[in-house]
Structures are given as structure tokens and as C-alpha cells.
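To find a chain, count down the sequence lines: A is the first, B the second, and so on, and within it residues start at 1. Below, each value reflects all heavy atoms present in this structure, side chains not excepted, and no hydrogens, waters or symmetry copies.
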Amino acid sequence: MPTLTKPLSGWGRYPIQTCELERPERYADLRPTTDTLIARGQGRSYGDAALNENGRVILTERIDRMLALDLKQGILKAEAGVTLANILPVIVKQGWFLPVTPGTKFVSLGGCVAADVHGKNHHHDGSFGDHVLAIDLILADGSHTTCSATENADIFWATVGGMGLTGIISEVTLKLIPIQTSKVMVTHRAASNIDQLFKLLQDPTLDDQYSVAWIDCLASGEKLGRGIAMFGHHATKEELGANFSKTANPSQPPLDRGGADLALPLSRGSWRGFVAKHLNENPLYFKPKRTHKLPFNFPSWVLNHLSINLFNKLYYYKESSKKAPFLSDYDSYFYPLDAIGEWNKMYGKRGFVQYQCVIPEATALAGLTALLKELSASRRSSFLAILKRLGAEGKGLLSFPLPGYTLTLDLPIRDKGLFSLLDKLDHILLQYGGRVYLAKDARISPESFRTMYPRYGEWLRIKQKIDPANRFSSSLSRRLNIAKGEIQ
Amino acid sequence: MSANVLILGATSAIARGTAAAFAARGDNLYLASRDLEELKRIAADLQVRYGVKVNYGLFDAAATDTHPTFFQVVLKEMQELHGIVLAFGLLGDQMAAREFSLAEKIITSNFTGAVSILSIGANYFESIKGGFIIGITSVAGDRGRQSNYVYGAAKGALSLYLQGLRNRLFPSKVRVITIKPGFVDTAMTFGLPGLFLVATPQTIGKQIVKTLNKSADVVYLPSFWRYIMLIIKHVPEVIFKRMKM
């Protein structure tokens with residue numbers, strides 16, 4: 001198999017390491033070919049999870065076939081390299097949706113399993129692995145094994161969230177959820193500080209299928225943690241109908257007159273009407289959006305304290321003015337950043353670290369306040385700060401979620417000082433019993449990792465049983481000292 | 001109306017891209033190659049994504065004696081056929097230049113096997129007075145270079161064969177299109193040094209299907225390769241023979 005040696009990075013563009021890439025196109029060619037290797041889907045983990053410095057990285061992007069879609073039960077079986085972006089247009093028009101989706105659709109199915117990704121519905125529906133009915137896993141000796149919650153369950157729960165270190169995930173069978181329309185009904189609520197934001201997220205009368213909060217992390221003092229809580233659910237047909245009759249201009253003929261409207265010439269201005277009409281005829285109609293790529297790395301001064309502050313203020317006032325519930329298409333709701341291809345270039349060529357951590361429910365408010373204060377004091381700005389409630393801890397032994405609140409920060413790398421700030425954040429996190437998300441991480445220490453993930457020992461026993469020579473190894477696993485013969 | 005299209009060498013990346021572009025128009029497909037396990041996966045994928053009918057079966061370009069039976073099976077399963085895409089090929093390695101047995105394999109896959117199956121297909125389309133044949137050759141067939149001239153010679157011969165076929169089938173209203181891809185991001189080119197402006201197989205697939213709506217007979221893909229090859233073809237031999245390509 002031909003290989004390509006080149007510098008490679010995760011989505012955060014830090015670190016950049018030289019790896020030897022291999023890209024099988026046939027299913028039979030997807031197998032361990034060298035002493036150490038790691039599989040890589042779309043490279044959307046942020047740090048070094050899908051890197052193998054001076055070693056083999058197997059790209060799964062061409063192993064991307066959808067194998068079966070059961071429209072009655074909503075079950076999709078596909079090869080692990082297929083992206084959510086490819087799956088969505090196929091399932092949405094049939095009235096199905098992904099049970100859990102991360103904030104980008106440009107991720108592979110295998111990556112979703114390996115990182116056990118979560119979405120805005122974690123507090124109700126758990127993480128991705130909870131909806132996986134079965135996986136096909138290629139082990140270190142090249143053999144295939146089927147694993148699920150009932151078959152080879154130990155391997156299954158070591159692989160869900162196992163960062164690709166148990167084998168190559170080659171096929172995934174996923175249970176989908178039914179939807180009536182392609183739209184999401186969204187409600188925004190503004191909060192002027194972190195206490196209020198917590199109350200909004202905890203309020204059972206406001207809670208919905210999906211919930212998430214955006215934080216203006218430059219606000220400090222009394223306004224520390226001010227932000228917008230965003231709730232949403234897949235809109236029903238009734239909500240879609242009601243919304244259109246409400247927004248339709250009374251001077252215009254009603255939109256749903258069936259075929260009569262078709263005779264009307266469509267001027268540019270009636271484009272909304274055209275889309276609306278399609279929706280009325282087919283509530284699952286969806287018009288794919290074009291993405292615009294960032295053509296180059298932004299110079300590092302573009303995102304500074306001032307510009308981020310300005311953006312955050314504008315965003316806060318714009319979004320908090322949306323008082324009434326509104327309809328959003330699923331793309332804009334779930335994947336706002338996907339509209340800008342390669343948005344990671346915004347952070348300049350030195351890259352960025354996405355720091356995502358979770359703090360258990362009981363200490364969450366105190367812990368997050370401490371984290372935000374530390375960040376605010378550092379005068380480092382996070383362009384993006386997201387707060388999200390998480391539900392029960394899953395069965396994935398290295399899975400990230402635990403019941404509590406997760407905070408996500410995007411921090412551009414300007415100098416080494418960032419890493420000492422992050423170490424301070426780790427220190428606070430450990431005090432409050434929290435953990436960092438491995439799929440985002442590029443720098444936590446082996447010691448922190450072992451404290452943060454208490455089920456690591458259990459995971460390691462399974463890993464050593466199925467991969468005694470430690471063939472599946474990444475830059476992340478070596479950084480965390482996950483080694484051959486390690487004793488826990 | 002949807003067409004029935006036979007794709008030969010259907011497991012290659014360009015063939016997958018082409019099959020997807022046909023399926024996106026609503027055409028039904030028959031996929032053929034030596035790798036049934038792989039065909040099964042590609043067929044399932046096209047069915048799930050585009051909801052078209054996809055059949056598949058074993059086809060070995062080198063086993064020319066099996067070709068008549070193979071074509072009968074395809075016709076039986078598809079009832080009728082409107083087009084053939086010939087996408088199989090073997091790049092081989094540079095050793096082929098020094099070892100005839102290797103060169104023979106390359107010539108058989110790229111040329112002899114192609115002539116065998118296309119003559120059957122051509123007779124069929126001639127008899128029904130319609131249809132199309134799309135042959136995927138290569139820019140390597142435009143001029144012999146030391147790095148891959150056995151492959152280039154076989155592909156060049158195929159281009160010439162298609163040219164003759166086009167001439168013969170013109171009165172019968174059968175389109176014969178020669179596609180000459182430049183650098184496409186496939187297993188054949190992955191990791192090769194000196195690649196530039198590489199096209200994705202999906203894009204190439206879409207462009208191949210689009211040629212059916214145009215009048216061109218010989219199509220370079222991406223289209224700027226026409227000009228690159230124009231220059232390469234016109235370098236005087238006295239200079240060309242000294243170049244390292």
C-alpha cells in the first residue's frame with residue numbers, strides 16, 4: 001500500500017507532527033499493516049488523538065459506504081469512514097435524525113464512537129455510544145470482531161470513548177430517532193450572570209430535548225458568566241404549520257394553496273415563499289447550504305481582546321433580543337460553524353487549544369466560577385465559550401461525560417503562557433472532581449489523566465488483553481503514558 | 001427516463017465517483033469487477049444514498065473467454081442497456097519495462113481485455129442503434145515517458161481503438177467518449193511525489209457523466225489537462241528524449 005509522509009495535525013492545528021499516512025480504498029485493505037498505528041477519520045479531534053508521530057496513521061475516509069438503512073425501525077449500518085454530513089441528507093428526507101450529534105457534521109461515524117461524542121441532548125439521551133447497536137472492530141491480529149452492549153460487551157465499552165486504541169472501528173450500526181420535520185424549534189433566554197444561566201439550564205419548565213448556553217467569557221465582575229441559554233427540539237408538523245400562518249404576510253395569498261401557487265411566477269423576492277411552500281408540501285424538505293472556506297490563516301492580531309469583546313457584546317445583545325421561539329433549519333441549529341469551512345484558520349498558524357472540561361453537578365457552579373475567574377484574570381480571551389448540562393455517566397470506560405456541567409473554551413496559542421494557564425485550570429478542575437475531554441486535549445499530564453478517568457485501570461486490562469503488543473497507539477496515548485506492559 | 005449503465009472496473013475510485021453521478025440522476029447500474037465483496041458494499045451504498053437499482057457481478061478483464069457470457073448475464077439482469085463505462089486499468093510498476101510477463105499483464109488489462117468486452121458492447125449498441133460507450137484512458141497515453149510507458153502504450157492504444165470505434169458507430173447513433181484523466185486523488189496516485197492540482201474522484205465522476213450532455217468526443221479531466229498535454233505532445237523528440245519524466 002502506498003504511503004504519504006507529511007506533517008499532520010488535529011483540528012486545533014497544534015501539535016503538528018510528521019506522520020506516515022495510508023489510505024485504503026477497499027474494505028479488505030483496512031487492517032493493521034505496521035507495528036504501531038492509529039485510525040483517523042476526518043481529523044476533527046483537536047489535539048493529538050489522531051496523530052502518530054513518525055508512525056502510521058490509517059485514513060478511513062474512503063471506507064465510507066452506507067450498507068443498509070432500515071426505514072421502518074430507523075437503523076443505519078455503515079462503514080466507519082462515512083461522515084455525518086453524508087448521512088444526514090439521506091436520513092432526514094426519510095424522517096429520521098441522528099440520535100446524538102456533535103457540533104460539526106464533518107466527523108466520521110468511527111470518530112463519533114471512538115470519542116463517544118455527546119450533543120445538546122446529553123442530559124436526556126446520553127452520548128453517541130448509547131445509541132450504537134453494534135460495531136465491527138478490527139483487532140491487532142487483523143481479525144474482525146462484532147461488539148455490542150450484549151456481545152463482547154467489555155471490548156465494546158472499551159472502544160466506545162476508547163480513542164481508537166482498541167482497534168480499527170470498521171462498521172457501525174446506529175439507532176436513529178424519528179423526526180416530523182427538518183426544522184428545529186428554538187427558544188433563547190438571556191442571563192446576566194452565571195447564577196442566572198445555571199438556573200435557566202436547570203429550570204424544568206424551560207428544559208427541552210436540546211439545551212446549551214453560550215457565555216460571554218469576557219464579561220467580568222457582576223456580569224461574570226452572562227450568556228444566552230438556547231433550548232430546542234425537532235419541530236412537529238403542527239409547529240411548522242402554525243409558524244407559517246403566523247409569519248405569512250396577510251396581503252399575500254396564503255402559502256398552502258396546493259398546486260394553485262405553482263402557476264405564479266417566482267420573482268427573486270418570493271424565494272422565502274418558495275422554500276416555505278416546499279416545506280408545507282414536504283416538512284422534511286431541506287435545501288443544502290453552501291459552505292465558504294477561510295482561504296488563509298488569519299494573522300494572530302485579528303482575534304484580540306478588543307475584537308472578541310466586541311463580537312461577544314454584539315452577539316449577546318442580538319441573541320437576547322430573540323424573545324419568541326423561532327424555527328431554524330437543522331444545519332444552522334446544530335452546525336453553525338460548519339458554514340465556514342476550515343474555520344480553525346481563524347486562530348492563526350500557531351493554532352489553538354479547545355479546552356473542554358466537565359465538573360460534577362454538586363460542585364459545578366463553584367468550579368465553573370473559579371475557572372471563569374481564572375480565565376478572566378489571565379486577560380486571555382476565548383472566542384467561543386459554551387456551557388452545557390450533561391446527564392448520567394455512560395458505560396464507555398474512557399468516555400468524557402459525567403453528570404454535571406461542561407465548559408468549552410477556544411484559546412488561541414500566542415505564547416507558552418497559555419499552557420501555564422491551562423495547567424492552572426487543570427488544577428482547579430481536579431479540586432472540583434472534573435475532567436478534560438480527550439478528543440479536545442493536546443496537553444494534560446499522564447497523572448491528571450489517571451485522576452480524571454478513574455475507570456482507566458479497568459480499560460487498560462481490556463486493552464492489554466486484546467492488544468498486548470500495544471499496536472494501536474497514538475501521540476495522545478504515548479503522551480498519557482499508555483504503554484505496553486504498564487501496570488495499573 | 002432513467003438509463004441502465006454497466007460500469008466495468010467498478011471498484012476504482014473514479015468508477016465509484018462516476019457510478020454515484022449516474023445514480024444521482026436516477027440511473028440503474030450494473031457494477032462489475034473482480035472483487036465481489038467490495039462490489040456488494042458499493043452497490044449497497046448507491047442503493048441507500050440514491051434509491052436506484054444496483055446489480056453487480058464478477059468480471060475479469062483478462063479472462064476474455066468469459067466476456068460473451070458475462071455480457072449475456074448483464075443483459076438478462078438489466079433487460080436492456082443504454083451505456084457502458086470502461087473504468088478498469090492496471091498501472092503496474094516500472095519493472096514492467098524490463099520484464100515482459102509484467103508488461104503483458106498491463107497490456108492485457110488495459111488494452112486486450114478492453115477490446116474484448118467493448119467489441120461485444122459495440123455490436124450490441126450498433127444493433128439497437130443507440131447508447132454510449134465511455135472509455136477511461138489516461139494522459140499517459142498521449143506520449144511515451146520512461147516512468148510508465150508500458151501503461152501509457154496500452155492506454156494510448158485504447159484511445160486509438162475508441163477513436164476508430166467512434167468512427168464506426170457514428171452512423172448507428174452510438175456515442176463513444178474518450179476520457180483522459182490527469183491527476184486524480186485515488187489509490188493509484190496517493191503518496192506520489194510531484195502531484196499538482198489533484199481532482200477528487202467525485203468531481204471527475206460528475207464531469208464524466210456531464211460529457212453525455214455535450215458534444216465533445218475526447219475529454220481531458222480536469223479540462224486544463226488538454227493544454228498541459230498540448231505542450232507535452234509538442235516538445236520536439238530530440239529534447240523530450242533527454243528529459244526525466
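When atom types are taken as modelled, the side chain of A:N152 and the backbone of A:T146 share a donor-acceptor pair closer than 3.5 angstrom. Side chain of A:N344 to main chain of A:W11: a donor-acceptor pair is present (N/O by atom type, distance under 3.5 Å, no hydrogens or angles). Proximity of a side-chain donor or acceptor of B:E38 to a complementary backbone N or O of A:Y27 within less than 3.5 Å is detected. Although no hydrogens or angles enter the test, the distance criterion places no donor-acceptor pair under 3.5 Å between the side chain of A:R56 and the main chain of A:T33.
Other residues, nucleotides and ligands contribute only 12 or fewer heavy atoms inside 6.0 Å of the NZ atom of B:K40. Heavy-atom neighbours of A:K175 NZ from other residues, nucleotides or ligands within 6.0 Å: above the threshold of 12. Around CZ of B:R34, the count of heavy atoms belonging to other residues, nucleotides or ligands within 6.0 Å does not exceed 12.
With a threshold of 4.5 angstrom between heavy atoms, A:E20 does not approach chain B through any atom at all. With a 4.5 Å cut-off on non-hydrogen atoms, A:I87 does not touch chain B at all. At a 4.5 Å heavy-atom cutoff, the contact between B:T186 and chain A is made by backbone and side-chain atoms alike. When heavy atoms are compared at a cutoff of 4.5 Å, A:I63 does not approach chain B at all. Using a 4.5 Å cut-off between heavy atoms, B:I42 touches chain A through backbone and side chain atoms alike. At a 4.5 Å heavy-atom cutoff, A:D29 makes no contact with chain B through either its backbone or its side chain.
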Report task. For B:I136 and B:I208, run side chain to side chain contact (heavy atoms under 4.5 Å, CB included): C-alpha distance rounded to whole Å, both residues' side-chain angles, the deciding distance at 0.1 Å, then the answer. Result -> CA-CA 9 Å; B:I136 300 177; B:I208 287 174; 3.9 Å; yes
Report task. Test side chain to side chain contact (heavy atoms under 4.5 Å, CB included) on B:V219 and B:I177 and set out the steps. Result -> CA-CA 7 Å; B:V219 181; B:I177 301 168; 4.2 Å; yes
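Residues satisfying the salt bridge (Lys or Arg N to Asp or Glu O under 4.0 Å) test with B:R226, not counting sequence neighbours, are none.
Relative orientation of the B:F88 and B:F59 rings is tilted, given thresholds of 30° and 60° on the angle between their planes.
Taking the six-membered ring for Trp and the full ring otherwise, the centers of B:H82 and B:F22 sit at least 6.0 Å from each other.
For the residue pair A:R62 and B:R16, the shortest heavy atom distance occurs at O-NH1, 3.3 Å. Contact detail for A:S170 and A:D136: the closest heavy-atom pair is OG-OD1, 2.6 Å. Contact detail for B:A10 and B:L31: the closest heavy-atom pair is CB-CB, 3.6 Å.
Residues of residues 34-42 of chain A never come closer than 4.5 Å to chain B when only heavy atoms are counted. The contact list for residues 88-101 of chain A toward chain B, using heavy atoms and a distance under 4.5 Å, reads A:V90, A:K93 by residue number. Proximity to chain B at a heavy-atom threshold of 4.5 Å picks out A:E79 from residues 73-81 of chain A, in numerical order.
Ranking B:V48, B:D35, B:T11 against chain A, the residue ahead of the rest is B:V48, based on heavy-atom pairs under 4.5 Å. Across B:P201, B:A43, B:S12, B:G51, the residue that shares the most heavy-atom pairs under 4.5 angstrom with chain A is B:P201.
How far CG of A:L30 is from CD1 of A:I138: 4.0 Å, rounded to the nearest 0.5 Å.
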